[in-house]
Amino acid sequence: MAFASTRELCLAARADGYAVPAVNIVDGLSIASAVKAADSVGSPIILQTSVKTVQYFGAAVLASAAQAAADAASVPVALHLDHCPQRAVITEAIAHGWSSVLFDASDRDFDTAVAETAEVVAEAHAAGVDVESEIENIVGVEDGVGSDDPNVHFYADEELVRVASETGTDLIAPALGTAHGLYTASPVLLVDRVARLVALTDIPVVLHGGTGLSAEEFQAFIDAGVSKINISTAVKLAYMHASRDHLAEAERSGKWEPVKLFDQIGAAVEQAVLQHIELFGSARRVAVTA
Ligand code: 13P
């Protein structure tokens with residue numbers, strides 16, 4: 001089926017008190033495995049591509065792999081471009097049928113960020129594509145994009161919502177105390193901020209930096225109204241650890257079979273995605289494939 005609208009998946013999740021897993025995929029294998037996991041338990045899923053992944057494979061290859069996986073599934077699948085400060089890559093994703101793009105303007109000054117977000121929204125909406133907007137820095141570097149500077153510049157909640165409304169933003173990515181990558185110290189989570197934003201606007205609120213949060217922390221964010229949760233590092237670790245384990249065993253046994261390697265990686269990615277689907281309460285929301 002055609003890609004789902006990221007915004008519509010999130011609005012449905014918010015209305016029913018769960019969050020849609022937004023999983024960063026890195027190739028055709030992780031695309032197929034993530035969609036298989038979602039399809040096996042009746043969960044909607046958002047596949048996310050970093051700018052680096054788009055540049056590595058090319059937008060056409062990724063879009064067709066995601067489309068093939070979506071066609072084989074009975075659950076809604078959206079394709080989303082994660083943190084993208086580069087307007088040319090946004091244009092490319094729009095041209096290749098992505099459901100949504102995250103225009104990351106957190107490296108711009110306020111006026112430039114607002115003006116460019118409005119331009120991106122106009123360009124994306126003309127093609128039926130949703131826009132997630134980020135004007136505050138979410139700590140941590142994700143596939144080469146972002147910053148490790150812990151000094152986030154927060155805008156007032158009302159200001160953030162005003163900018164989102166005035167620019168026509170479809171999803172807001174505020175700083176919520178989480179960080180991309182593995183936590184080296186316990187984060188100070190801004191769950192109350194989600195509740196305040198949700199009270200101010202119907203625009204879905206996105207939680208970045210999901211890897212490493214506990215079941216209780218995810219639930220607190222979902223209860224407060226978060227409806228899209230991004231998971232990247234946990235999937236990458238599952239992928240790489242399965243590769244390492246398989247190659248170590250191949251070395252030991254002297255049996256080198258690439259398809260068996262793919263099997264082991266695919267199973268690990270599927271397991272990691274299933275785990276988060278259960279944590280986010282998105283299972284059994286849509287019909288399961290027979
Ligand atoms: P993690 O790498 O912490 O899971 O964060 C993912 C993310 O927010 C992608 O935008």
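Values below: all heavy atoms of this structure, side chains included; hydrogens, waters and symmetry mates excluded. First listed ligand is number 1; within each ligand, the first listed atom is number 1. Numbers here simply count residues along the sequence, with the first being 1.
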Check your understanding: Do any nitrogen or oxygen atoms of I231 lie less than 3.5 angstrom from nitrogen or oxygen atoms of ligand 1?
Key -> no
Check your understanding: Does any N/O atom on N24 come nearer than 3.5 Å to any N/O atom on ligand 1?
Key ->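 Checking ligand 1 against N24, no N or O pair falls under 3.5 Å apart.
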Review point. Are the side chain of D130 and the backbone N or O of R7 linked by a donor-acceptor pair below 3.5 Å?
Key: yes
Practice item. Determine yes or no for a side-chain-to-main-chain donor-acceptor pair under 3.5 angstrom, with Y183 supplying the side chain and A179 the backbone. Key: yes
Point to revise | Shortest non-hydrogen contact from L197 toward P174 | key: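 Result for this residue pair: CD1-CG, 3.7 Å.
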Revision key, fill the gap. Honestly, for A179 the part within reach of ligand 1 (heavy atoms, under 4.0 Å) is backbone
Check your understanding: Under a 4.0 Å heavy-atom limit, does K236 contact ligand 1 with its side chain, its backbone, both, or neither?
Key ->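 K236 to ligand 1: no contact under 4.0 Å from either part.
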Distance filter under 4.0 Å to [X] heavy atoms, resulting ligand 1 atoms:
| X | answer |
| --- | --- |
| H208 | 8 (O), 10 (O) |
| H83 | 10 (O) |
| G181 | 1 (P), 2 (O), 3 (O) |

Identify, for [atom], the protein heavy atom at the shortest distance, and state residue, atom and that distance.
| atom | answer |
| --- | --- |
| atom 9 (C) of ligand 1 | D82 OD2, 3.1 Å |
| atom 4 (O) of ligand 1 | T211 OG1, 2.5 Å |
| atom 2 (O) of ligand 1 | T233 OG1, 2.5 Å |
| atom 8 (O) of ligand 1 | G209 N, 2.7 Å |

Exercise for review: Decide whether the shortest distance between a heavy atom of A234 and an atom of ligand 1 is less than 4.0 Å.
Suggested key: no
Review point. Does ligand 1 have an atom under 4.0 Å from some heavy atom of G212?
Key: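 G212 does not count as a contact of ligand 1 under the 4.0 Å cut-off.
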Do [X] and [Y] land in one hydrophobic cluster if side-chain heavy atoms of ILVMFWY residues count as linked below 4.5 Å?
| X | Y | value |
| --- | --- | --- |
| L81 | I46 | no |
| V20 | V194 | no |
| I45 | L171 | no |

Review point. Does one side chain, of T91 or E123, offer a donor that lies under 3.5 Å from an acceptor on the other?
Key: yes
Revision key, fill the gap. Value for CG (L79) from CH2 (W98), rounded to nearest 0.5 Å, stands at 5.0 Å
Review point. Can you say whether the rings of Y155 and F110 are parallel (under 30°), tilted (30 to 60°) or perpendicular (over 60°)?
Key: tilted
